[in-house]
Protein chains: 2
Amino acid sequence: MRSAFTEELDLISGQLVQMSRLSATALRRATTSLMDTDLALAQEVISDDQLIDALRRELDNRAIDVLARQQPVATDLRQMVTALRMSSDLERSGDLARHVAKLTRLRYPAHALTDELRPTFAEMATTAEAMILRAGDIIDSKDADGAGELIRADDTMDRLHREVFRVLLEPSSPQSAQVTVDATLLSRYYERYADHAVSIALRVVYLVTGVWHDEQLPGDDDRYPGSVPRES
Amino acid sequence: MRSAFTEELDLISGQLVQMSRLSATALRRATTSLMDTDLALAQEVISDDQLIDALRRELDNRAIDVLARQQPVATDLRQMVTALRMSSDLERSGDLARHVAKLTRLRYPAHALTDELRPTFAEMATTAEAMILRAGDIIDSKDADGAGELIRADDTMDRLHREVFRVLLEPSSPQSAQVTVDATLLSRYYERYADHAVSIALRVVYLVTGVWHDEQLPGDDDRYPGSVPRES
């Protein structure tokens, strides 16, 4: 028999899935605004971020209300605390999409990216968007195997992130300082966005298996190619 | 009469203060390793980050235990949820200090920063370190006025962040692509570190006043100087 607490957790899960869809949409639209240098679209992405933030606050309030009324046991509480942490990941991912749109707006009417960089960023964007949507599916299904796939997709982001730096540091075809700065920031935004998807997956694995896989935690800057020599 | 829950919250506050001290130490040592190109020190900072992570997990476990045993009311729960969010801010600030150390290690034996950039970064580091220590004080004292000061200190970080970009984009004295990339990443790490200190302050204000000051939330990339024209 399903407890009242389990039903409340399901409602919260649904809200997390909704946040993941909104975040994916934000990243897709922010990327379009970046590639098309579309100021109006960038502005919409920036405004719409408030919706994700509002959902996170609503989730916090719901969680507090449930905890006050239901008096759950420790295993239920661990799920609730994990849900709160996931909502932070999702809110932050939305913020990163907003950063992409803000950089587009700042640089308008110029293009932030050169033609050479655009394909790599396009692939980073579609990969990251797919990862956050998959994170939403995993929250819903509690599928620890699906979480494993998502964590491995992060290797694609690694490769693309390194490719951005390879292009930026290629001596034979230098970019302007502006493009170098912009591309570094943008690459970091997409990388951190994917990190949040992985973080969500790790939390699902923890809930399902009870094991926390620290060594797979994202945000490790060893991805930054350490073997690239400093230009003299 | 002090409730058992209040005493537990005080213990958790103490743990948050401890995390803020460890984070400040990490940033100070990471900055020293960056300025001195000190590989051994960088390696220590990287290893020591695990301690902050362990404290965060311990705090989570303590929070869950308290919630299961004490069955607190809604206002108490809001404080607990806020404490959990603060521990995330503090853990993440420690991660950012680790990123500074990792970049130092990656670039060794070369210097990541040019002489021209070092004073600005030194000031960013001392400002950010003071902000996280102040955040710890504020958690302890629940002093909403102190929180206001901290939020204003973020203006100093803004100014310094803009100064980094001014130097990087100055056409008459270009840096190498490597330095441009490294300085952009490092500036972002210090900026985000300070953002987490501000985030903690905003949470204390919320707990004390019940008002959430969204418009002061950090992470806004309007700090990135939009008036700097793109080099043609």
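Note on naming: letters A, B, ... go to the chains in the order of the sequence lines (proteins, then strands), and numbering restarts at 1 for each one.
- Among Asp76(A), Leu84(A), Val81(A), the residue making the largest number of heavy-atom pairs under 4.5 Å with chain B is Leu84(A).
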* Apply the test side-chain contact (heavy atoms from CB on, under 4.5 Å) to residues Asn61(B) and Arg78(A): give CA-CA distance (whole Å), side-chain angles for both, the deciding distance (0.1 Å), then the verdict. => CA-CA 8 Å; Asn61(B) 289 335; Arg78(A) 201 166 291 281; 3.1 Å; yes
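- Among all heavy-atom pairs drawn from Ile64(B) and Ala74(A), the shortest one is CG2-O, 3.8 Å.
- Residue Asp60(B) touches chain A through its side chain alone, counting heavy-atom pairs closer than 4.5 Å.
- For a residue to count as touching a neighbouring chain, one of its non-hydrogen atoms must lie under 4.5 Å from one of that chain's; by this rule Ser87(A) touches chain B with the side chain only.
- A pairwise comparison of heavy atoms in Ala68(B) and Leu77(A) identifies N-CD1, 3.3 Å as the closest pair.
- Interatomic distance, CZ of Arg56(B) versus CZ of Arg85(A), reported as 5.0 Å (0.5 Å rounding).
- Here the straight-line distance linking atom CZ of Arg188(B) with atom NE2 of His99(A) works out to 4.5 Å at 0.5 Å rounding.
- Between Ala177(B) and Thr180(A), the shortest heavy-atom contact is O-CG2, 4.1 Å.
- Heavy atoms of Pro174(B) lying under 4.5 Å from chain A are absent altogether.
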